[in-house]
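What follows is a single structure, written as structure tokens, with notes after it.
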Amino acid sequence: MSLVSHLFPKLSLLPHISLLCHGHRHRLGLVRRHSTTLIHRRPPASIFSSPSPLVGHSRHGRRRVSMDSASPEVSASVDSVADGLKNQSLNSDDRGGLGSGVEHGAKKKLEELNWDNSFVRELPGDPRTDVLPRQVLHACYSNVLPSVEVESPQLVAWSESVADLLDLDLQEFERPDFPLLFSGASPLVGVSPYAQCYGGHQFGMWAGQLGDGRAITLGEILNPRSERWELQLKGAGKTPYSRFADGLAVLRSSIREFLCSEAMHSLGIPTTRALCLLTTGTFVTRDMFYDGNQKEEPGAIVCRVAQSFLRFGSFQIHASRGKDDYKIVRALADYAIRHHFPHFENMSSSQSLSFSTGDEDSSVVDLTSNKYAAWAVEVAERTASLIASWQGVGFTHGVLNTDNMSILGLTIDYGPFGFLDAFDPSYTPNTTDLPGRRYCFANQPDVGLWNIAQFASTLSAAELINDKEANYAMERYGDKFMDDYQTIMTKKIGLPKYNKQLISKLLNNMAVDKVDYTNFFRSLSNIKADPSTPEEELLVPLKAVLLDMGKERKEAWVSWVKIYIAELAASGISDEERKASMDAINPKYILRNYLCQTAIDAAEQGDFGEVRRLLKIMERPFDEQPGMEKYARLPPAWAYRPGVCMLSCSS
């Protein structure tokens, strides 16, 4: 049984996913997954970080781990298996998308930024410097300079919180040469630009070499807190990985990426960030729907920021090229661990991260004896946590190819994404995905597992981990996803413990009546824990979100609300306390596609006010923000036309 069937029992859009990295070293493959039994100690919600407060409070005895159970019997750990790593684990600010926003002394001018450029210094590069499309062999990157043509480039918007991550003085955005510097037309001091080489599975099929076809990384900045931040210009010109494309980006997709990067951060979801958005002053030819109707669109560039842009596909491409390149997979893994997972460099056997696989030979997976295995498990856990957080806010990525999967567990590469309006588990925002809906909202957890299987298979092929370690990483993905998802959904409805039946019935009702996902959960906090509420008044707090229902559907909702109120009353939590906690996890404002389109339409006419306004509103998604209520409204009728509610990958 897949994860989809746990969350949406009546929906099964993907075939059953049963995965294990195969032992064959010369190919990437999958075979039947065996369940595992953990002995010695039960890991917490995450092996390498503190468990969620609602997870693990009733875990007693031994547990047989299987992803074929939505609410399995679970056991409490005798003591934490992560004690030895606890103080070394990355905290939330280290996950690449959650900066502290704290002032640290004097801010810097652009010329004073501390560029380190470890990626090009420590990893093998392409000996050629031209940008002719080609297969780049035995290299992790190609040195390339931005080449986009600009005519009076203009700074559209910027993120003050990202500037703070870099310790960049906000007055630098007022420099007349800032648009030239961040379009790549003028070089920044200290940078060493390159395009990364990677491959990937696209819609389930191996696509071979892909790479940064229009994104050029300037380098890495080390801030005073010893955090490493990569700066990347998306839409800055051709690279050897551009294939037949022009290496450019248009304003509409750049606005969407800029705004959503910052909106997701404010929602508390790990993500790449965006420092600034610029127009190039030139036009780009695009066929938005791949139907032969090309048109000229304004060009733009987004400066993306992340602690690393390494993807699953960064490792896959080298493993796919055979034994001679396995050493590159190892070098890249060593680089990632050294700079982004340093706690695995100092593990010792005394930390006892050992687990039985439950196989006939009763062999044990000892994570302390193999840093690559421990690393693979954390990548799996971060990915699971990320996708659980997406499900919590109704976010659908749209293009979950393995080249769009971050090893840091960040949301990366904002293309045809979409937040749920009317709740529809089969919703996909990507027109290319329509035939099979592989990447629809409900399928994201299973696709995440499939992608983790490809990543684990890559490490196995390169002989960094064995089959049992790969299997354990996938087991941890399933456990971590279910733990986090259950915690999130429990908080969203304001209860102290998970109630599978109540939540499943709620989601079923929402799907039947196409209830707005965001507005419903925001309104749910208005229900009082009063079992004496007259039946005719039970739905009053939800009247703004339960629309156009007949008698039968009203009865279904009344039945659910009665059970819900009984659960609220039994919890002993006051209405005021519960409302505050629910409003802190259920946003009022999300970046709906129609809001993006309104900003895009104005920006294409030279008015960037709506882009800046949306940025400010999305910085405080959980606040009421009096006067901004129209940004929380349901989509208007025009929002359901192609190009708004659904988009292609053309950008």
Side-chain angles (χ1 to χ4, degrees), residues 1-20 30 33 35 45-46 52 55 65-72 201 203-204 264 269-270 312 377-402 404-406 409-412 417-420 423-430 433 436-456 471 473-492 498 500 503-504 506-508 510-511 517:
M1 184 180 293
S2 69
L3 294 175
V4 168
S5 60
H6 296 324
L7 311 186
F8 312 103
K10 295 183 179 180
L11 181 70
S12 183
L13 300 179
L14 279 183
H16 170 58
I17 298 180
S18 184
L19 307 169
L20 172 67
L30 302 175
R33 177 179 61 80
S35 62
S46 171
S52 300
V55 177
V65 175
S66 173
M67 284 164 46
D68 297 343
S69 172
S71 183
H201 283 84
F203 295 90
M264 292 288 273
I269 297 174
F312 292 4
V377 168
E378 183 162 336
V379 172
E381 288 186 345
R382 289 191 182 204
T383 303
S385 291
L386 174 69
I387 295 179
S389 69
W390 290 352
Q391 304 303 106
V393 297
F395 176 79
T396 309
H397 184 280
V399 201
L400 277 183
N401 300 327
T402 57
N404 294 337
M405 300 293 293
S406 161
L410 309 177
T411 314
I412 190 171
F417 65 83
F419 287 86
L420 291 173
F423 181 59
D424 177 6
S426 67
Y427 167 69
T428 178
N430 186 352
D433 190 39
R437 296 183 184 266
R438 176 184 177 86
Y439 295 146
C440 74
F441 175 74
N443 277 350
Q444 290 183 133
D446 278 347
V447 171
L449 174 59
W450 194 90
N451 289 343
I452 284 292
Q454 310 314 309
F455 180 66
N471 182 55
M474 286 181 282
E475 292 284 357
R476 284 303 305 155
Y477 174 94
D479 289 346
K480 181 63 173 169
F481 174 82
M482 291 309 302
D483 283 346
D484 281 20
Y485 179 76
Q486 291 173 7
T487 296
I488 290 168
M489 296 307 294
T490 300
K491 288 181 176 179
K492 285 180 75 68
Y498 182 65
K500 179 187 176 184
I503 292 173
S504 295
L506 170 61
L507 294 178
N508 182 69
M510 292 177 68
Y517 190 83

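The shown structure was predicted, so the numbers you read here are calculated from the model rather than taken from an experiment.
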Should the ring pair Phe395 and His397 be called parallel, tilted or perpendicular, given that the plane angle runs from 0 to 90° and is split at 30 and 60?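 Because their plane-to-plane angle is over 60°, the rings of Phe395 and His397 count as perpendicular.
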Can you tell me how the ring of Tyr485 sits relative to the ring of Phe481, calling it parallel under 30°, perpendicular over 60° and tilted otherwise?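 It falls in the parallel class, under 30°.
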Less than 4.5 Å apart, side chain to side chain, heavy atoms only: is that true for Ile387 and Tyr477?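 Yes, at least one pair of side-chain atoms sits under 4.5 Å.
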Inter-residue atom distance [X].[atom1] - [Y].[atom2], 0.5 Å rounding:
| X | Y | atom1 | atom2 | answer |
| --- | --- | --- | --- | --- |
| Met405 | Ile452 | CE | CD1 | 6.0 Å |
| Met482 | Tyr498 | CE | OH | 5.5 Å |
| Ile412 | Met264 | CD1 | CE | 12.5 Å |
| Phe312 | Asn451 | CZ | CG | 6.5 Å |
| Leu400 | Gln444 | CG | CD | 5.5 Å |
| Glu381 | Asp479 | CD | CG | 9.0 Å |

Do [X] and [Y] have a side chain donor and acceptor closer than 3.5 Å?
| X | Y | value |
| --- | --- | --- |
| Tyr439 | Asn401 | yes |
| Ser426 | Asp424 | yes |
| Ser385 | Asp484 | yes |
| Thr402 | Trp450 | no |

Please check: side-chain N/O of Asn404 versus main-chain N/O of Val399, any donor-acceptor pairing under 3.5 Å?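 Looks like yes, one N/O pair under 3.5 Å.
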Does any N or O in the side chain of Asn430 come within less than 3.5 Å of the main-chain N or O of Phe417, such that one atom is a donor and the other an acceptor?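 It does not hold such a pair.
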In sequence, state the C-alpha distance, the side-chain angles, and the governing distance for Thr411 and Ile269, and then conclude on side-chain contact (heavy atoms from CB on, under 4.5 Å). CA-CA 8 Å; Thr411 314; Ile269 297 174; 3.8 Å; yes
What verdict does the side-chain contact (heavy atoms from CB on, under 4.5 Å) test give for Val379 and Phe455, after you've listed the backbone C-alpha separation in whole Å, the side-chain angles of each residue and the deciding distance to 0.1 Å? CA-CA 9 Å; Val379 172; Phe455 180 66; 3.9 Å; yes
So that I can tick it off, tell me whether Lys480 and Asp483 are bridged by a salt bridge, with the cut-off set at under 4.0 angstrom between side-chain N and carboxylate O.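 Looking at Lys480 together with Asp483, the answer is no, because their closest N to O distance does not fall below 4.0 Å.
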Tell me the closest heavy-atom pair linking [X] and [Y], and the distance in Å.
| X | Y | result |
| --- | --- | --- |
| Pro429 | Gly398 | CG-CA, 4.0 Å |
| Ala473 | Ala380 | O-CB, 3.3 Å |
| Arg438 | Val447 | O-CG2, 3.4 Å |

Would Val393 and Phe419 count as a side-chain contact (heavy atoms from CB on, under 4.5 Å) if you check the C-alpha gap in whole Å, the side-chain angles of each, and the deciding distance to 0.1 Å? CA-CA 8 Å; Val393 297; Phe419 287 86; 4.1 Å; yes
The test is ring-ring contact (aromatic ring centres under 6.0 Å, His included); show your working for Tyr427 and Phe441 and say whether it passes. CA-CA 6 Å; Tyr427 167 69; Phe441 175 74; 8.3 Å; no
Leu386 and Leu410: CA distance, side-chain angles, deciding distance, side-chain contact (heavy atoms from CB on, under 4.5 Å) verdict: CA-CA 7 Å; Leu386 174 69; Leu410 309 177; 5.8 Å; no
